[in-house]
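Notes for the one structure printed next.
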Amino acid sequence: QVQLVESGGGLVQPGGSLRLSCAASGAIFSINAMGWYRQAPGKQRELVALISYGGSMSYSDSAKGRFTISRDTRKNRVYLQMDSLKPEDTAVYYCHAEAAIIGHTDGSRDYWGQGTQVTVSS
């Protein structure tokens, strides 16, 4: 079992910044990738940013140039620095990990945090 706990969400004004943090814990053997997804009311969950085991990073078109994903591999933490926030960024942000558990031989699987609310409003 892998647990993901997000923090750092809140209310900010347009143009402001937030830094999200996600901590992974449990009997983790390896993490292939960690990333951030978001889901706005009435919308499907979408990928915002992802960082792979090798350190390669991917961003959604909306996030490019404004958001930065980073990690602390030793602590199994991933961060999302969000700058120049827009009202359209308002959503619940979910941490995601593709991880393998110690003692499991069936490969990696997906894990999700409970989400943290980000609201961008005046």
Side-chain angles (χ1 to χ4, degrees):
Q1 186 78 359
V2 176
Q3 296 82 43
L4 303 176
V5 180
E6 305 101 331
S7 62
L11 173 65
V12 296
Q13 295 183 345
S17 297
L18 282 175
R19 182 176 174 85
L20 305 184
S21 178
C22 174
S25 62
I28 301 171
F29 177 75
S30 64
I31 298 178
N32 294 333
M34 295 188 72
W36 293 93
Y37 290 71
R38 69 186 182 188
Q39 188 166 23
K43 303 291 185 180
Q44 291 189 329
R45 188 172 300 186
E46 63 175 351
L47 174 68
V48 177
L50 180 145
I51 185 165
S52 71
Y53 171 80
S56 62
M57 293 166 283
S58 299
Y59 297 93
S60 68
D61 290 339
S62 177
K64 288 179 181 177
R66 300 188 299 126
F67 296 179
T68 303
I69 190 169
S70 61
R71 67 179 179 181
D72 183 334
T73 55
R74 196 183 73 83
K75 296 181 178 180
N76 288 330
R77 281 184 173 269
V78 65
Y79 307 91
L80 185 67
Q81 177 68 43
M82 303 187 293
D83 299 319
S84 301
L85 284 162
K86 305 174 181 179
E88 307 93 89
D89 296 317
T90 297
V92 177
Y93 284 70
Y94 296 91
C95 181
H96 169 264
E98 180 182 332
I101 299 175
I102 295 174
H104 286 209
T105 59
D106 57 345
S108 61
R109 58 185 66 186
D110 295 327
Y111 297 92
W112 295 91
Q114 290 296 306
T116 184
Q117 178 70 48
V118 171
T119 302
V120 185
S121 176
S122 299

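From a predicted model like this one, the values you see are computed outputs, not experimental measurements. Because only heavy atoms are used, hydrogens play no part in the values below, and waters and symmetry mates are left out as well, while side chains stay in.
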Find out if a path of hydrophobic residues (ILVMFWY) with successive side-chain heavy-atom gaps under 4.5 Å connects Met57 to Met82. yes

Do you know the tightest heavy-atom contact between Tyr79 and Arg19? CG-NH2, 3.4 Å

In this structure, which one of Tyr111, Tyr37, Trp36 forms a ring pair (Phe, Tyr, Trp, His ring centres under 6.0 Å) with His96? Tyr37

Within this structure, what is the CZ-CG distance for the pair Phe67 and Asp83, rounded to the nearest 0.5 Å? 8.5 Å

Any donor-acceptor pair under 3.5 Å from Arg71 side chain to Tyr53 backbone: yes

Kindly compute the distance separating NZ (Lys64) from OG (Ser58), expressed to the nearest 0.5 Å. 8.5 Å

Among all residues two or more places apart in sequence or in another chain, which pass the salt bridge (Lys or Arg N to Asp or Glu O under 4.0 Å) test with Arg109? Asp106

For Tyr93 and Ala91, work out which heavy atoms get closest and say how close. CD1-O, 3.4 Å

Show your reasoning for whether side-chain contact (heavy atoms from CB on, under 4.5 Å) applies to Ser121 and Thr90. CA-CA 8 Å; Ser121 176; Thr90 297; 5.9 Å; no

Please name the pair of heavy atoms, one in Leu80 and one in Ala49, separated by the smallest distance, quoted to 0.1 Å. CD1-CB, 4.0 Å

Roughly how far, to the nearest 0.5 Å, is the CD atom of Gln114 from the CG atom of Leu4? 10.0 Å

If only atom types and distance count, is the side chain of Glu6 paired as donor or acceptor with the main-chain N or O of Cys22 below 3.5 Å? no

Shared hydrophobic cluster, Tyr94 / Leu18 (ILVMFWY, side-chain heavy atoms < 4.5 Å): no

Please check if atom CD in Gln3 has more than 12 non-hydrogen atoms from other residues, nucleotides or ligands closer than 6.0 Å. yes

With salt bridge (charged side-chain N to carboxylate O under 4.0 Å, His left out) as the rule and sequence neighbours excluded, what pairs involving residues 26-41 come up? Arg38-Glu46, Arg38-Asp89

Report the distance from atom OG1 of Thr116 to atom CG of Leu20, rounding to the nearest 0.5 Å. 6.0 Å

Here the pair of heavy atoms bringing Met34 nearest to Ala97 is CG-CB, 4.1 Å

Does Gln44 CD have over 12 foreign heavy atoms under 6.0 Å away? no

Which atom of Ile31 lies closest to which atom of Ala24, heavy atoms considered: CD1-CB, 4.4 Å

Do Leu50 and Val48 sit in the same hydrophobic cluster, where Ile, Leu, Val, Met, Phe, Trp and Tyr count as joined when their side-chain heavy atoms come under 4.5 Å apart? no

Set of residues satisfying salt bridge (Lys or Arg N to Asp or Glu O under 4.0 Å) with respect to Lys43, sequence neighbours excluded: none

Which atom of Val12 lies closest to which atom of Ser17, heavy atoms considered: CG1-O, 3.8 Å

State, with a plain yes or no, whether a side-chain heavy atom of Ser21 is found less than 4.5 Å away from one of Arg77. yes

Nearest-0.5 Å distance that lies between atom CD1 in Ile51 and atom OH in Tyr59: 7.5 Å

CD on Glu98 to CG on Asp110, rounded to 0.5 Å: 6.0 Å

